[in-house]
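First the structure, in the form of structure tokens, and then the observations on it.
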Amino acid sequence: MDCIFCKIISGEIPSKKAYEDDKIVAFYDIAPQAPVHIVIIPKEHIESMNGITTENSSVVSHIFEVIPKIAAENNLGDGYRVVSNCGANGGQTVFHLHFHLLGGKALDTTMA
Ligand code: 5GP
Ligand code: ZN
């Protein structure tokens, strides 16, 4: 499968990791849109939010349990935003489920 994020998980594509455990990886975005921009992904290939099922959804709650730790380690005590783009109109460009963790400044208040 030709998936950039699966290649980041395997190490075939290098990345700067912010966090890793047996279920998920977090790495710094190659084209940051905020002073801190980290992408958090499940190791299991799930295409998008539309691919979340009863069987695989525990990794999503795990991601959200870990996000506050990654945020704290990156000095986001003043707050942050988590975004998941889904599908073409949602702006998704990599079709492996991921959550953007953005912060490091007061973010724009517009979301669309
Ligand atoms: P999307 O647009 O699908 O929501 O987000 C994909 C994100 O992955 C983009 O913010 C893009 O900059 C990031 N990205 C794409 N390819 C790479 C890569 O090879 N390395 C890293 N670190 N980030 C990437
Ligand atoms: Zn993948």
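Along the sequence shown, residues carry numbers from 1. Read the numbers this way: they start at 1 and go in the same order the structure lists the ligands and their atoms. Predicted model only: the values in this text are computed from it and were never measured.
- Formation of a donor-acceptor pair under 3.5 Å by the N74 side chain with backbone atoms of A71 is not found in this model.
- Applying the 4.0 Å criterion to heavy atoms of F5 picks out, from ligand 1, the atoms 8 (O).
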key: Derivation of the side-chain contact (heavy atoms from CB on, under 4.5 Å) call for F99 and V60   = CA-CA 10 Å; F99 297 89; V60 179; 4.2 Å; yes
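- Atoms of ligand 1 lying under 4.0 Å from any heavy atom of H100, numbered from 1 in the order shown and given with element: 1 (P), 4 (O), 5 (O), 7 (C), 10 (O).
- In this structure, atom 1 (P) of ligand 1 lies nearest to the protein heavy atom H98 NE2, 3.1 Å.
- Residue V39 has no N or O atom closer than 3.5 Å to an N or O atom of ligand 1.
- Counting only protein N, O or S atoms closer than 2.8 Å to the Zn ion (ligand 2) gives 4.
- Around NZ of K17, the count of heavy atoms belonging to other residues, nucleotides or ligands within 6.0 Å exceeds 12.
- Between V94 and ligand 1, at least one pair of N/O atoms sits closer than 3.5 Å.
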message = What verdict does the side-chain contact (heavy atoms from CB on, under 4.5 Å) test give for V82 and L102, after you've listed the backbone C-alpha separation in whole Å, the side-chain angles of each residue and the deciding distance to 0.1 Å?
response = CA-CA 6 Å; V82 176; L102 300 151; over 6 Å; no
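- For ligand 1, the atoms closer than 4.0 angstrom to any heavy atom of A31 are 12 (O).
- Nearest heavy-atom pair across S48 and L97 is C-CD1, 3.6 Å.
- Rounding to the nearest 0.5 Å gives a distance of 4.5 Å between CZ of R81 and CG of L107.
- Note that the CD1 atom of I52 and the CD atom of E47 stand 12.5 Å from one another [nearest 0.5 Å].
- In this structure, CD1 in I63 is found 10.0 Å from OG in S58, a value given to the nearest 0.5 Å.
- If you run side-chain contact (heavy atoms from CB on, under 4.5 Å) between V36 and each of L76, I70, D29, only L76 comes through.
- Protein heavy atom nearest atom 2 (O) of ligand 1, with residue, atom name and distance: T93 OG1, 2.9 Å.
- A centroid separation of less than 6.0 Å is found between the aromatic rings of H98 and H100.
- Counting only heavy atoms of the protein, atom 24 (C) of ligand 1 lies nearest to I30 CG2, 3.4 Å.
- Nearest to atom 16 (N) of ligand 1 by heavy atom, out of D29, I4, L97, is I4.
- For F27 and F5, the ring centers sit closer than 6.0 Å to each other.
- The side chain of I8, and not its backbone, has at least one atom closer than 4.0 Å to an atom of ligand 1 (non-hydrogen atoms only; side chain from C-beta on).
- Heavy-atom distances between S15 and ligand 1 stay at or above 4.0 Å for every pair.
- For Y28, a nitrogen or oxygen atom sits less than 3.5 Å from a nitrogen or oxygen atom of ligand 1, counting backbone and side chain alike.
- The atoms of ligand 1 that sit less than 4.0 Å from any heavy atom of Q92 are 3 (O).
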request  = Take D21 and K43 through the salt bridge (Lys or Arg N to Asp or Glu O under 4.0 Å) test and state the conclusion after the steps.
outcome  = CA-CA 9 Å; D21 64 27; K43 287 190 170 174; 5.9 Å; no
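- Near F27, meaning under 4.0 Å from one of its heavy atoms, ligand 1 places the atoms 21 (C), 22 (N), 23 (N).
- Salt-bridge annotation for K7 and D2: present, with a side-chain N of the basic residue lying under 4.0 Å from a carboxylate O of the acidic one.
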